[in-house]
Amino acid sequence: MQLHPRHFGRNLRENLVAKLMKDVEGTCSGQHGFVVAITGIENIGKGLIRDGTGFVTFPVKYQCVVFRPFKGEILEAVVTMVNKMGFFAEAGPVQIFVSNHLIPDDMEFQSGDMPNYTTSDGSVKIQKDSEVRLKIIGTRVDATEIFCIGTIKDDFLGVINDPATA
């Protein structure tokens, strides 16, 4: 954790903790997942002065809550976009794509001003802002992002709250 010399003084520890929270919370590390919140500071080591800049680098060991989706995990998500290829949904910071091949066969794509997937009898509709329960069937991890593929073609999965009926 790098800190400018103007932050030194009696409040050094508080300034370090505040900067750590500002810089780390809400970020994504492919290895650990999305950092939701820092829960505790275990240790702040001795600072090392950076040549030429005056900044000081402090090694900080901390505990945090992370969110990392796994293959086979069931999540509740909000649909953000629907198209003929499938739909995108968000569960917290992670975006999940559900292909039309992973949507039950009795659901058909309906284009128009509000694209959606609807059952043949019209009783169930997946559209933007619908809440769905889905299962993660694959993840791809980058250095700063996690992408997921999901399915609703399983028991107890699908729409749990339709904004059109609410």
Side-chain angles (χ1 to χ4, degrees), residues 1-83 85-100 102-103 114-115 126-152 154 156-163 166:
M1 179 87 338
Q2 277 197 0
L3 201 62
H4 192 274
R6 74 171 162 256
H7 299 291
F8 297 172
R10 286 195 318 250
N11 299 336
L12 178 63
R13 182 178 171 84
E14 289 79 15
N15 289 336
L16 268 170
V17 172
K19 185 166 181 358
L20 178 71
M21 288 183 171
K22 182 175 151 282
D23 291 354
V24 175
E25 285 181 352
T27 61
C28 176
S29 130
Q31 182 182 4
H32 302 293
F34 294 94
V35 177
V36 178
I38 293 173
T39 57
I41 308 294
E42 286 185 14
N43 181 26
I44 298 176
K46 292 185 177 179
L48 188 69
I49 300 171
R50 309 290 295 173
D51 289 341
T53 64
F55 280 81
V56 177
T57 303
F58 292 90
V60 179
K61 192 172 182 182
Y62 58 92
Q63 294 177 335
C64 59
V65 176
V66 294
F67 170 60
R68 182 165 186 224
F70 291 98
K71 186 176 175 180
E73 186 173 359
I74 308 291
L75 294 175
E76 292 182 0
V78 177
V79 176
T80 55
M81 188 176 84
V82 179
N83 60 36
M85 302 300 288
F87 66 86
F88 287 92
E90 287 182 352
V94 72
Q95 190 172 52
I96 304 154
F97 177 68
V98 179
S99 166
N100 58 6
L102 300 169
I103 296 173
M114 182 66 102
I126 297 173
Q127 61 187 19
K128 187 177 188 304
D129 297 327
S130 293
E131 291 179 26
V132 293
R133 181 173 293 125
L134 46 81
K135 181 179 183 180
I136 304 293
I137 59 168
T139 60
R140 191 181 93 220
V141 178
D142 278 357
T144 59
E145 220 169 353
I146 299 174
F147 304 96
C148 295
I149 302 293
T151 181
I152 58 169
D154 213 342
F156 308 108
L157 301 180
V159 176
I160 53 177
N161 188 11
D162 186 357

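All values below were derived from every heavy atom in this structure, side-chain atoms included, with hydrogens, water molecules and symmetry-related copies excluded. One-based numbering along the sequence shown.
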Of the non-hydrogen atoms in [X] and [Y], which two are nearest, and what is the gap between them?
X	Y	result
R133	I160	NH1-CG2, 3.6 Å
T151	L102	OG1-O, 3.1 Å
I126	V79	CG2-CG2, 4.0 Å
A91	F67	O-CE2, 3.6 Å
Q2	K19	O-CE, 2.8 Å
P69	V94	CG-CG2, 4.1 Å

State, with a plain yes or no, whether a side-chain heavy atom of [X] is found less than 4.5 Å away from one of [Y].
X	Y	result
I41	L20	yes
V141	R68	yes
I74	F156	no
I152	I103	yes
E90	V78	no
L3	L12	yes

Give a yes or no answer on whether the side chain of E145 reaches the backbone of C28 with a donor-acceptor pair at less than 3.5 Å. no

With no hydrogens and no angle check, is any side-chain donor or acceptor of T139 less than 3.5 Å from a backbone partner on F70? no

Q63 and E42: CA distance, side-chain angles, deciding distance, side-chain contact (heavy atoms from CB on, under 4.5 Å) verdict: CA-CA 7 Å; Q63 294 177 335; E42 286 185 14; 2.9 Å; yes

When you look at [atom1] of [X], are more than 12 heavy atoms from neighbouring residues, nucleotides or ligands closer to it than 6.0 Å?
X	atom1	result
D51	CG	no
I49	CD1	no
M85	CE	no

What's the separation between atom [atom1] in [X] and atom [atom2] in [Y], rounded to the nearest 0.5 Å?
X	Y	atom1	atom2	value
E73	K135	CD	NZ	11.5 Å
F58	R13	CZ	CZ	11.5 Å
D23	M1	CG	CE	4.5 Å
I146	H32	CD1	NE2	11.0 Å
R6	F55	CZ	CZ	7.0 Å
I149	L134	CD1	CG	11.0 Å

F97 and F88 aromatic ring geometry - parallel, tilted or perpendicular at 30°/60° bounds: tilted

